[in-house]
Colleague: 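Sending over a structure as C-alpha cells; questions will come in a sec.
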Amino acid sequence: MVWSFFFFGLLIACTGNPASASCPLQMSPSRVVVRFGDSLSAKCTSLSNQTEGMGWESPYGGVDLTQNVTSLDFKIDSVPEWELGPMCYVNSRDGGQCTELLPVTVYKMPDSVSLRQNSSTGKEGQQFAIQCDIVNVAPARNLSVLWHKGNKILNPETFDDSSPSPVSKSSVLTLTAHRDDDGAEIWCEAKLNLWPGEQGPTMMRSKSHRVTVLYPPTLTKPGNETLEMTVGENITLNCNAKGNPPPSYRWEFPKFSKEFHNKEVVIEPILTRTFELPGVYTCTAYSNQGTVTKYFNISEAPRSRTTFGVMVGVGVAVGVLLLIAGVYFVTPNGTFSFNKGGYQPGTPSGPV
C-alpha cells in the first residue's frame, strides 16, 4: 500500500515496505521523516498465516509481544532523541522469529541563515568572499546550500557530516569582482534534502546582499574624433563615461583660446555649442579608480567651396542690376537718363 500523512509537524514518506520471502513483514510507511519533538506513527503488518504474535522493540514507544495479531501500531507522542531504531518482530508458530527495522530520520530546521562579508566593496579584478552561516541544523549530511547571484543559481554545496544532532555549518562563496556584477544581489538558501519533489518545509534563505564593484571610467563612445567646424553651426562633443564611482570631467581647450575660456568651468560630459576656433579639445574623465582621456580635433571646413559660391552669387546679382539699369536708364545714344527731363549731352539746359 502506498500512502502518506502529515500529523503535528510529522512528515512521513509514503511507500509501504514490501515483504520478503525470508521475512514476510510490511512497514507503512517504509521510512519516517519527523521533526524533533513531534509525534511519530507507523504500522507493522505480517503477511504470514503462521503468525503467533508481534511486538516493537524501541527505547521509546516499544510494544510488548502481542499474541494472535497480524498488525501492530507503533507510536511516540513526542520524539525525544536524534537517533531512533524501532524494530518490528514477528514470532511464528514453528518457533522462528522475523525482524524489520523502521528507518527514522529526525530533523531540525536552522535557527537562522545569514550572510557575512568583511567588506561590502571590491575593486574590479580582485577576489572577495561572502560567507553563509547556517545555525543549528540537523541532520547536516542532508543539508545543501544554494547560492544566488541575480537570476543565476550557482553550484550548491553539501556537507560530509555524520552527526545526527544539530550543528552549525558555513558555506563560503569566492568571486572575482567584475563591473557587470555591480549592484547585483547575492543571497544563500539552506535546504534539507529529505523529501521528494517540493514536499517538506520551505527552504530558509538569508537576506540579500548588494555587491558594489569599483572600476575606472570607460568611455561610452570610445576613440578620438575629428570634426569639421562650420561658422554658425553647433558641434556636439560626447565624452560621456561610465564608472564606479561616477567620474568627474575636465575639458581643455586650444592654447590660443585659453584666455578666453579661463572664465568658464566646464564639467559636463557632453558639450553642444558653436566652436569658433579650430584646434584640439581634450576631455578627461577621472575618479579615484582611474582616468581616461579623449581628443576632439576640430578643423575649419574647406573655404574653396564657400568662396566660389559667394563669388558666383555676387556676379549674378551684379548682372541682374546692370540689366535692370540698362532697361530703365540707358538712352538710345548710350547715355544714362533718369527721367525725360534729365540732362542730355550737347543740349542747352532750359525749360521743356
Side-chain angles (χ1 to χ4, degrees), residues 6 8-13 31-38 40 78-85 103-215 244-245 289:
F6 184 85
F8 294 114
L10 168 65
L11 186 67
I12 301 181
R31 58 184 291 267
V32 175
V33 178
V34 59
R35 186 173 60 188
F36 183 84
D38 284 354
L40 183 154
S78 178
V79 173
E81 293 289 341
W82 298 101
E83 281 189 299
L84 294 173
V104 177
T105 302
V106 183
Y107 77 91
K108 177 187 177 299
M109 294 298 287
D111 290 341
S112 63
V113 179
S114 60
L115 287 183
R116 180 169 38 151
Q117 185 179 8
N118 294 332
S119 175
S120 60
T121 302
K123 291 185 177 182
E124 186 175 36
Q126 293 183 346
Q127 285 192 336
F128 65 98
I130 304 178
Q131 181 169 306
C132 178
D133 294 326
I134 303 96
V135 178
N136 290 334
V137 63
R141 64 180 178 273
N142 295 100
L143 173 68
S144 63
V145 176
L146 283 73
W147 284 96
H148 296 255
K149 185 178 73 171
N151 296 324
K152 297 179 181 179
I153 299 179
L154 308 180
N155 292 333
E157 181 178 358
T158 57
F159 303 89
D160 185 13
D161 192 321
S162 60
S163 174
S165 57
V167 293
S168 295
K169 292 293 182 181
S170 295
S171 175
V172 177
L173 177 67
T174 301
L175 295 172
T176 299
H178 190 276
R179 66 183 61 192
D180 292 342
D181 296 328
D182 184 44
E185 290 189 342
I186 291 182
W187 71 93
C188 64
E189 284 182 315
K191 178 182 180 182
L192 283 173
N193 301 296
L194 295 170
W195 304 272
E198 298 299 323
Q199 298 182 36
T202 304
M203 292 189 296
M204 290 186 63
R205 59 163 287 175
S206 69
K207 292 182 179 179
S208 60
H209 175 88
R210 192 174 295 276
V211 178
T212 300
V213 180
L214 300 177
Y215 58 96
N244 191 23
Q289 297 301 304

Colleague: Once side-chain contact (heavy atoms from CB on, under 4.5 Å) is applied, do any residues pair with E83, and if so which ones, sequence neighbours excluded?
Modeller: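 Partners of E83 by the side-chain contact (heavy atoms from CB on, under 4.5 Å) criterion, ordered by chain and then number, come out as P164.
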Colleague: In Å and rounded to the nearest 0.5 Å, what is the CD1 to OG distance from I186 to S208?
Modeller: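 So the CD1 of I186 and the OG of S208 are separated by 10.0 Å.
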Colleague: Restricting to non-hydrogen atoms, name the atom on Y107 and the atom on R35 that form the minimum distance, rounded to 0.1 Å.
Modeller: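 The answer is CE2-N, 3.2 Å.
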Colleague: Under 3.5 Å, which donor-acceptor pairs link side chains of residues 137-145 to any protein atom two or more places apart or in another chain?
Modeller:
unit_1: N142; atom_1: ND2; unit_2: N193; atom_2: O; d: 3.3
unit_1: S144; atom_1: OG; unit_2: N193; atom_2: ND2; d: 3.1

Colleague: Nearest 0.5 Å please: distance from the CE atom of M203 over to the CE atom of M109.
Modeller: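 Spacing of CE (M203) from CE (M109) equals 9.0 Å.
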Colleague: Are the side chains of P110 and V135 in touch, meaning some heavy atoms are under 4.5 Å apart?
Modeller: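 Side-chain contact under 4.5 Å: no.
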Colleague: Verify, without hydrogens or angle tests, whether N244 (side chain) and V213 (backbone) share a donor-acceptor contact under 3.5 angstrom.
Modeller: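 Confirmed, N244 side chain pairs with V213 backbone.
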Colleague: Can you tell me how far CG of L175 sits from CD of Q126, rounded to the nearest 0.5 angstrom?
Modeller: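 So the gap between those two atoms works out to 13.5 Å.
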Colleague: How would you list all residue pairs meeting ring-ring contact (aromatic ring centres under 6.0 Å, His included) that involve residues 162-188, not counting sequence neighbours?
Modeller: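 Counting only pairs at least two positions apart or across chains, the ring-ring contact (aromatic ring centres under 6.0 Å, His included) contacts touching residues 162-188 are H148-W187.
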Colleague: Quick one: closest heavy-atom pair of P245 and Q289, and the distance?
Modeller: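 For P245 and Q289, the tightest heavy-atom pair comes out as CD-CG, 3.9 Å.
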Colleague: To the closest 0.5 Å, what do you measure between CG (N136) and OG (S168)?
Modeller: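 The CG atom of N136 sits 4.5 Å away from the OG atom of S168.
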Colleague: How far does CZ of F128 sit from CG of L173, to the nearest 0.5 angstrom?
Modeller: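 If we round to the nearest 0.5 Å, F128:CZ and L173:CG are 7.5 Å apart.
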Colleague: Please give me the minimum heavy-atom distance between F159 and S170, naming the atom from each residue.
Modeller: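 Shortest heavy-atom separation between F159 and S170 comes out as CE2-O, 3.7 Å.
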Colleague: In Å and rounded to the nearest 0.5 Å, what is the CD to CZ distance from Q131 to R116?
Modeller: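 If we round to the nearest 0.5 Å, Q131:CD and R116:CZ are 4.0 Å apart.
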Colleague: Strictly by disulfide bond (SG atoms under 2.5 Å apart), give each pair with a member in residues 130-191 just once, sequence neighbours left out.
Modeller: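 As it turns out, the disulfide bond (SG atoms under 2.5 Å apart) pairs with a partner in residues 130-191, which skip direct neighbours, are C132-C188.
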Colleague: What pairs of residues pass the salt bridge (charged side-chain N to carboxylate O under 4.0 Å, His left out) test when at least one of them lies in residues 162-182, not counting sequence neighbours?
Modeller: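 Only E124-R179, K149-D181, D161-K169 qualify under salt bridge (charged side-chain N to carboxylate O under 4.0 Å, His left out).
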Colleague: Quick one: list whatever passes side-chain hydrogen bond (donor to acceptor under 3.5 Å, both in side chains) with S171, sequence neighbours left out.
Modeller: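 So S171 forms a side-chain hydrogen bond (donor to acceptor under 3.5 Å, both in side chains) with W147, E157.
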